[in-house]
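Hydrogens, waters and symmetry mates play no part in the numbers below; they use all other heavy atoms, side chains included.
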Amino acid sequence: MAAAACLHYGTPASIKIQQKQQPTRNWMMMQGLRRGNGKASKRVGVTNCSANSGIEIGDFIGGDLLKPDLGRWLSDVEKHKAIAIYTPHEGGYEGRYLNRLRYLGYYFLDLSARGLGDPETTLTKVYPVCPAHVGKQPIARWYFPPEVDYRLAALPPSAKGLVVWIIEAKVLSKSELQFLALLPTLRPKVRVIAECGNWRKFMWKPLKEIAGLTQEGAA
C-alpha cells in the first residue's frame, strides 16, 4: 500500500519520504548557521597602488572614464604618423581615441588585415579582384582603384587628412608592416593606425619600431 501511495510510479516510498524531509533539513541547517554566526564576517584589506605593484587607479575606476593621455595620443599621431595600438580584449576603448582624431577633421578608412591582400597593391595601385565563379561562369577579373588614392581624391577641402585604420594587423608580415609604416611618407596626408595585438589597457607604439625600421625595433 505504501508503494501504491507514492506519487512517483515505481519509486519506493522510503525514497519519497527522504525527498520530503530534505528541504526541512536544509532549512534547519541554514537557520542554525545564521543564529550561530550572528552577522556575516567581512574580509577587509588594503590595496597597494604604488608604482612597484603594477596596479593603477584606472584598474578600479574603469579605463573608459580616465583618459589623461589623449593629448599625448594626438601628438604621437602627428609626430610618428604611423602608430601600432594594443587594445584590451573586451574592446571599446579605442573608440575614444578614434573620436579625438575625428574631431580634428580626419576621415577614416577602416580595413581588415585578413582581407587586405598585398597592402602596397591594394592601397596605392590599381588592383585586380577575381569574383567567385561557382564553377559555372567564366573566370573574370575586375579592377578597382587604389583605396587610399581614391579616398584622398574624395576628401572635402576642410579635411585634415585620411586615417587608415587596420584591424587584426597582427596577422601581417614584417614586410607588410614596414610598408604601412612608410605609407605616410608616400602620402603625406595619410595617417596609419594598426591594431597589432591586445593588452590589459590601451597602449601604442610607433609602427616603425614594431616593424623593425628603427634601432630599437631591430634589437
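Taken together through direct or relayed side-chain contacts under 4.5 Å among Ile, Leu, Val, Met, Phe, Trp and Tyr, L186 and V148 form part of one hydrophobic cluster. F144 and L109 fall into different hydrophobic clusters, where Ile, Leu, Val, Met, Phe, Trp and Tyr residues are linked whenever their side-chain heavy atoms come under 4.5 Å apart, directly or through other members. In the hydrophobic clustering of this structure, L116 does not group with V129; members are Ile, Leu, Val, Met, Phe, Trp, Tyr whose side-chain heavy atoms approach within less than 4.5 Å, directly or through other members. Put simply, L70 and V77 are part of the same group of oily side chains (I, L, V, M, F, W, Y) that touch within less than 4.5 Å, one to the next.
With a 4.5 Å cut-off on side-chain heavy atoms, P128 and W142 do not count as touching. Side-chain contact between Y127 and E147 is present, with heavy atoms from C-beta onward closer than 4.5 Å. Here the side chains of V192 and I83 are not in contact, with every heavy-atom distance at 4.5 Å or above. Between L180 and I166 there is a side-chain heavy-atom pair separated by less than 4.5 Å. Here the side chains of Y97 and L74 are not in contact, with every heavy-atom distance at 4.5 Å or above. Within the 4.5 Å cutoff, no side-chain heavy atoms of R151 are placed close to those of F108. With a 4.5 Å cut-off on side-chain heavy atoms, V164 and V190 count as touching. Residues I85 and F202 have side chains in contact (heavy-atom distance under 4.5 Å, counting atoms from C-beta outward).
Hydrophobic side-chain contacts under 4.5 Å tie Y143 into a cluster, directly or through other members, with V126.
Panel note: side chain E209, backbone P206; no donor-acceptor pair is recorded below 3.5 Å. A donor-acceptor pair under 3.5 Å links the side-chain atoms of S75 to the main chain of R72, judged by distance alone.
Nearest heavy-atom pair, G117 versus P119, reported as atom, atom and distance to 0.1 Å: O-CD, 3.2 Å. Contact record, A84 with C196: CB-SG, 3.6 Å, taken as the closest heavy-atom pair. The two residues A194 and A169 have their closest heavy-atom pair at CB-CB, 3.7 Å.
The side-chain contact (heavy atoms from CB on, under 4.5 Å) search around P138 returns none, not counting sequence neighbours. Judged as a side-chain contact (heavy atoms from CB on, under 4.5 Å), and not counting sequence neighbours, the contacts of T124 are E120, F179, L183, R187. Under the rule for a side-chain contact (heavy atoms from CB on, under 4.5 Å), the partners of Q178 that lie at least two apart in sequence or sit in another chain are K174, A211, L213. In this structure, W165 has no ring pair (Phe, Tyr, Trp, His ring centres under 6.0 Å) partners at least two apart in sequence or on a different chain.
Between atom CD1 of residue I210 and atom NZ of residue K170 there is a gap of 14.5 Å, rounded to the nearest 0.5 Å. How far CH2 of W73 is from CD1 of I193: 4.0 Å, rounded to the nearest 0.5 Å. Note that the CE atom of M203 and the OH atom of Y86 stand 7.0 Å from one another [nearest 0.5 Å]. The line from CG of D118 to CG of L123 is 8.5 Å long, rounded to the nearest 0.5 Å.
Within the structure, salt bridge (Lys or Arg N to Asp or Glu O under 4.0 Å) contacts touching residues 189-199 (residues at least two apart or in different chains) are E78-R191.
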message: One pair to check against side-chain contact (heavy atoms from CB on, under 4.5 Å): Y107 and L101. What are the steps and the verdict?
response: CA-CA 8 Å; Y107 284 71; L101 293 174; over 6 Å; no

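Under 3.5 Å, the side chains of S112 and E168 contain a donor-acceptor pair of N or O atoms.
In R100, the CZ atom is not crowded: 12 or fewer heavy atoms of neighbouring residues, nucleotides or ligands sit closer than 6.0 Å.
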